[in-house]
Amino acid sequence: MVTTADASTHQATSLFEDAQARFDEAADALRLNPNVRGVLREPRRELTVHFPVERDDGSIEVFTGYRIQHNLARGPAKGGIRYHPEVTLDEVKALAMLMTWKCAVVQIPYGGAKGAVICNPKEMSLRELERMTRRYTTEISILIGPESDIAAPDVNTNAQTMAWMMDTISMHQGYSVPGVVTGKPLSIGGSEGRTDATGRGVVYCIQEAAKLVKLDLRDARIAVQGFGKVGGATVRLLHELGCKIVAVSDMSGAVFRGDGVEPTLALRQQQETGSLVGTPRTERISNEDLLRLDCDVLVPAALEGVLRADNAGGVKAKIVAEGANGPTTPEADAMLREQGTLVIPDILCNAGGVTVSYFEWVQDREEFFWTLEEINARLRRIMTRAFEDTARIAREHDVELRKAAYMLAVGRVAEATLTRGIYP
Ligand code: GLU
């Protein structure tokens, strides 16, 4: 029954069922054509692969991986690859569906996909990770490609992983195929600004949300769960805006300082010791304490299912900005709504990453690269417009931002599906 990536969290229903329930709510509100509803409720393609990889000691281990394409109505499938020991097919299906809605909310011309390998990258050498990545890429090469399905980093994967994937597909083709993955290193067709893009998008959303609740972000108190690709950039950029990062956490625990944790000290501590705990001038708190801190903005930027029925009642933040995918269960959502907390939903809040992935793919196709200033300006325009579109629907229909974002996204994907018609 536990289907979240974090074994310490508990879900009453599966993540995919939760995703379908949120879709159903939006479909009801839109009075969606029942035929289209049936199409959008299920993933289009589900690929499971089992493949052998040689470990450094010469033994052979068989790994299981997935690539799910949820929808292709608005363009090629798009979504990240996750490496995690507890990842499940159910979770990947849910995350692929979220990608469809995310791309539609920010109006980039993609459908949704997600991939994963069940593995513990923390216990693998770099060479083992490379061999596993290359073989997994080969196994899913029947689905991925620059015109059909474009991969990207997600939990525990990074620019190096994307470089191996790009090289593997390129070796099969006999020429470079940079557009098959995004989030690549700059030296092989990556984009300026991609590394920070998700965090930057989270910050743009927080700035818009702050206007709605009349919160002055200068000296605002922020708690961030996660200090990886998303949380790390979010912390740094909010600190630059003058916010106080009162708490931040990684897998080893959370640290607190009422006057604000110094991000550079936290980063140094993490790089030198592998853990945030012990960052100078901070005190250690638990990850659960962090979620319940007295603060203005809470940013869950780690894994799914962290805000649940058993702890959402303790959230004191005015704004919850979902940097992670699926951090709030539907029960927690209802409680936060009741408490008057403004939740910026994942499919809007963390869409900055896939938006700059889109910029990267466009630049690769044109073989013409943009400056960081151009990228950040375009990202801001897209995120701000998506936020405004969502907030307008929320106002007009008197619903919370998540339902509004789903209505916006599902409406767009349904329109594309109806316009294309059913084949044959
Ligand atoms: N993994 C990221 C996400 O969940 C980025 C996906 C992408 O860039 O394709 O949004």
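Note that ligands are numbered from 1 as they come in the structure, with each ligand's atoms numbered from 1 the same way.
Of the candidates Arg402, Arg22, Lys102, Arg402 is the only one forming a salt bridge (Lys or Arg N to Asp or Glu O under 4.0 Å) with Asp346. Across Arg67, Lys114, Arg44, a single residue satisfies salt bridge (Lys or Arg N to Asp or Glu O under 4.0 Å) together with Asp149, and that is Arg67.
Residue Ala152 has at least one heavy-atom neighbour below 4.0 Å for each of these atoms of ligand 1: 6 (C), 7 (C), 8 (O), 9 (O). Close contacts between ligand 1 and Lys102 involve ligand atoms 3 (C), 4 (O), 10 (O) [criterion: under 4.0 Å to a heavy atom]. Within ligand 1, counting atoms from 1 as listed, the ones closer than 4.0 Å to a heavy atom of Arg194 are 5 (C), 8 (O). Of all atoms in ligand 1, numbered sequentially from 1 with element shown, those under 4.0 Å from a heavy atom of Met99 are 3 (C), 4 (O), 6 (C), 10 (O). Those atoms of ligand 1 that come under 4.0 Å of a heavy atom in Lys78, given as number and element, are 7 (C), 8 (O), 9 (O). With ligand atoms numbered from 1 in the order given, ligand 1 contributes 4 (O) to contacts under 4.0 Å with heavy atoms of Asn325. Of all the atoms in ligand 1, the ones that sit under 4.0 Å from a non-hydrogen atom of Gly79 are 9 (O).
Judged by distance alone, the side chain of Asn311 and the main-chain N or O of Arg308 form a donor-acceptor pair under 3.5 Å. Not a single donor-acceptor pair under 3.5 Å links the side chain of Gln173 to the backbone N or O of Ile169.
Residue-level proximity to ligand 1 for Ala351 is absent, since no heavy atom of it falls below 4.0 angstrom. Contacts with ligand 1 closer than 4.0 Å are made by side-chain heavy atoms of Lys114 only, the backbone lying farther away.
Ring geometry, Tyr406 versus Trp101: the interplanar angle falls from 30° to 60°, so the pair is classed tilted.
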Quiz item: Between Tyr358 and Tyr110, is a ring-ring contact (aromatic ring centres under 6.0 Å, His included) present by the stated rule, with each step listed?
Solution: CA-CA 9 Å; Tyr358 168 58; Tyr110 289 139; 5.7 Å; yes
Self-check item: side chain to side chain donor-acceptor pair (under 3.5 Å) assessment of Thr168 paired with Thr137
Solution: CA-CA 7 Å; Thr168 301; Thr137 304; 4.8 Å; no
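Considering only non-hydrogen protein atoms, atom 1 (N) of ligand 1 sits nearest to Asp154 OD1, 2.8 Å. The closest protein non-hydrogen atom to atom 8 (O) of ligand 1 is Ser357 OG, 2.6 Å.
Taking CG of Leu237 as the start and NE2 of His239 as the end, the distance is 11.0 Å to the nearest 0.5 Å.
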